[in-house]
Colleague: 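A single structure is presented below for examination.
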Amino acid sequence: MATLQAVTGMNDLLPGDGQGARWQRLEAAFRETCGRYGFQEVRTPLCEYAELFQRSVGEATDIVEKEMYTFDDRGNRRLALRPEGTASAVRAAIEHSVLARETVVRWCYLGAMFRAERPAKGRYRQFHQVGAEVYGDDSPAVDAEVIDLASSFLQGIGITKFTVRVNSLGGAETRARYRDALIAHFAPHRDALSPDSQSRLERNPLRILDSKDPRDLPFKAGAPSIVDALTDEDRAHFERVKEFLSALGTPFVVDPSLVRGLDYYTRTVFEIVDTSGALGAQDALGGGGRYDQLFTELGASKPVPAFGFALGIERLLLAAPVTEEAKPFRVAVVAVAKPDEHATHAGVLGLARELRMRGVETVVDTRFGSMKSQMRRANDLAATVVLVIGSNELASGQVSMKLMATGEQRSVARASLLDELAQLQRAAAATGAP
RNA sequence: GUGGCCGUAGCUCAGCUGGUAGAGCAUCGGAUUGUGGCUCCGAUGGUCGCGGGUUCAAUCCCCGUCGGUCACCCCA
């Protein structure tokens, strides 16, 4: 292609296609929901030292192994566009010692993430997530409350067909023990496993449980359950989480094969999948879990328990119903004048500015073509009211006011114009603006 | 990274065994010298993704390439 295009898998969002407005409403809804749960928004850079993700997400994960956008900056430092949000937020929390001032921190974020995968429906190289994290509280009540936050946010934006799957991976010692048990189980069948799972066997045996490859299924079925490997403390924690979720009325199912793709999870993990079929093959709306070791692994001076989740905005929008936005009350000012009658044009611009200063959305077709073309433009822009200014109006101190819905038109004194418009606006709001 | 399908006007698409392109919508103008939507008339708009090959001749056939899309892997 001779003309420049957007990078593969990275998309424009144009006004007028309706998507931009949906994004804005979704983001507003997320901030609103988070606010009600006591979360504050944090913003971190799109780019970090690659090492941050290697250490947090894990060297042996798909994200780090083959999906990260990494490059060297001018100082020959290895950077990466962030593939997810948790690592950056934790880094920022450590760097700014936020837990020295507050014992518990509740953060939320929204923004672009990058993964160099082949795009498909609901999967893009630049995609966007909303997420929330709690630092400094190891109570199972946090797990339940944050899962509930995600769940009620979905319902709030009209997504009803989804399933919350939960599992517990246990703490560090459980994971180590379970890992050994898995290796012991799968190793004898090594040659029968899928090639992917063969390599997972040494590097990350938990991920074999995630496999959908038919060759792995028979061996998965007989694999030891993580539930049996949990310590008493892990088990008690998980039981509380389930209790609290039930008490909150948040539906969930326990899925012992749920392991998630990131290394930093401990104890509770969860995933939310769409069941409406709107997402195609990528049915995960998001997921998260507890990561009690991550602060320490990233160099915090003392351990900090943490819990968080992220949801994919593009996928939420695929799953959410498309709702009509209420039409705004909008005024168009039209000039009736010959092309060189600049005084009339100036009068139109002046009136428009006056209205805007009073909070009225006002548009002007500043090409000042024929009145017909200006009227057409006003109609295209869905103006509720058109104000016409020409020599007649200028001479009499009046403005011709036309209501586009009915075609009704009357002459209004400049002095009472704002009152008239305010009255119309109230009436439009009362009837729900057709 | 692997595979299927698809690239013709701004958009959605048609184009018959190869004879250098058409519709609808959109845009602009006119019918209506200061009045939108509906209708009618007209106009603008295309290196047929790009490169090569076969042919007298390629939008059409072949190869390559780029892009899109869906799926696999995995994930948001």
Side-chain angles (χ1 to χ4, degrees), chain A residues 1-11 14 16-17 57 61-67 82-86 110-131 150 194-197 199-200 204 207 210-214 216 258-262 271-274 279-288 309-319 332 334-338 341 344 365 367 369-394 400-409:
Chain A
M1 269 272 149
T3 51
L4 249 27
Q5 296 181 312
V7 176
T8 295
M10 307 198 181
N11 299 306
L14 304 178
D17 62 7
V57 175
T61 59
D62 285 352
I63 290 177
V64 168
E65 267 185 353
K66 54 183 198 187
E67 296 170 8
R82 62 181 184 192
E84 57 104 42
T86 295
L110 30 178
M113 309 293 163
F114 302 83
R115 290 183 203 172
E117 278 207 284
R118 187 85 157 248
K121 184 173 189 172
R123 186 177 59 213
Y124 308 99
R125 290 185 175 176
Q126 177 180 331
F127 63 104
H128 301 77
Q129 289 186 330
V130 300
S194 66
D196 278 342
S197 287
S199 77
R200 287 176 185 134
N204 203 342
R207 304 296 306 288
D210 240 358
S211 173
K212 292 163 204 146
D213 193 301
D216 299 332
L258 178 66
V259 298
R260 307 286 303 155
L262 288 68
E271 188 168 86
I272 302 181
V273 294
D274 172 80
L279 297 201
Q282 280 67 235
D283 62 353
L285 290 167
F309 76 89
L311 298 164
I313 293 182
E314 285 85 353
R315 293 186 185 179
L316 294 175
L317 289 173
L318 283 172
V334 162
V336 185
K338 300 212 165 59
E341 285 180 38
T344 306
D365 183 355
R367 292 170 296 187
S370 66
M371 183 180 180
K372 184 191 188 70
S373 67
Q374 291 180 70
M375 286 299 295
R376 239 202 298 264
R377 179 78 179 146
N379 190 59
D380 291 344
L381 294 173
T384 323
V385 172
V386 172
L387 302 177
V388 181
I389 295 187
S391 50
N392 297 343
E393 287 78 5
L394 286 176
S400 295
M401 182 171 79
K402 178 165 185 167
L403 309 183
M404 294 299 272
T406 60
E408 177 199 346
Q409 181 167 331

Colleague: Write out the stems for RNA chain B, ordered by first number and formatted as range with range, counting runs of at least 3 consecutive Watson-Crick or G-U wobble pairs under 3.5 Å.
Modeller: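 As far as RNA chain B goes, consecutive pairing (with distances under 3.5 Å) yields the stems B:1-7 with B:66-72, B:10-13 with B:22-25, B:27-31 with B:39-43, B:49-53 with B:61-65.
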
Colleague: Select base, sugar-phosphate, or nothing to describe what A:Thr61 touches, counting heavy atoms under 4.0 Å on all strands.
Modeller: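 If one applies the 4.0 Å heavy-atom cut-off, A:Thr61 turns out to touch nothing in the nucleic acid.
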
Colleague: Show me the protein contacts with nucleotides 37-43 of chain B, counting only N or O atoms at under 3.5 Å.
Modeller:
from	atom 1	to	atom 2	distance (Å)
B:G37	O4'	A:Asn379	ND2	3.2

Colleague: Is there a donor-acceptor pair under 3.5 Å between the side chain of A:Ser197 and the backbone N or O of A:Arg200?
Modeller: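 Not confirmed, A:Ser197 side chain does not pair with A:Arg200 backbone.
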
Colleague: Distance criterion of 3.5 Å, no angle test: do you see the side chain of A:Gln409 paired donor-to-acceptor with the base of B:U35?
Modeller: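 Pair found.
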
Colleague: Taking only the side-chain nitrogens and oxygens of A:Arg82, find out if one of them lies under 4.0 Å from OP1 or OP2 of B:A76.
Modeller: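 For B:A76, OP1/OP2 do not have a side-chain N/O of A:Arg82 under 4.0 Å.
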
Colleague: Does A:Glu393 make a side-chain donor-acceptor contact with the base of B:G34, cut-off 3.5 Å?
Modeller: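 By the distance-only test, yes, there is a pair.
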
Colleague: Taking atom types as they are modelled, is there a donor-acceptor pair under 3.5 Å from the base of B:C70 to the side chain of A:Arg123?
Modeller: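 No.
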
Colleague: Do other residues, nucleotides or ligands put more than 12 heavy atoms under 6.0 Å from the CZ atom of A:Arg260?
Modeller: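 Yes, CZ of A:Arg260 has more than 12 neighbouring heavy atoms, counting only those of other groups under 6.0 Å.
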
Colleague: A:Arg123 pairs by side chain to side chain contact (heavy atoms under 4.5 Å, CB included) with which of A:Arg315, A:Arg115, A:Glu314?
Modeller: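 For A:Arg123, the side chain to side chain contact (heavy atoms under 4.5 Å, CB included) test succeeds with only one of A:Arg315, A:Arg115, A:Glu314, which is A:Arg315.
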
Colleague: Which sits closer to the 5' end of RNA chain B, A:Glu117 or A:Asn11, going by the nucleotide each is nearest to?
Modeller: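 Nearer the 5' end of the strand: A:Asn11.
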
Colleague: Please confirm whether any donor atom in the side chain of A:Asp380 sits under 3.5 Å from an acceptor in the base of B:G36, or the reverse.
Modeller: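 Not at all, since no donor on one side and acceptor on the other fall under 3.5 Å apart.
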
Colleague: What is the separation between atom CZ on A:Arg118 and atom P on B:G67, rounded to the nearest whole Å?
Modeller: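 That distance rounds to 10 Å.
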
Colleague: Just by distance, do the side chain of A:Arg125 and the backbone of A:Glu117 share a donor-acceptor pair under 3.5 Å?
Modeller: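 It does hold such a pair.
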
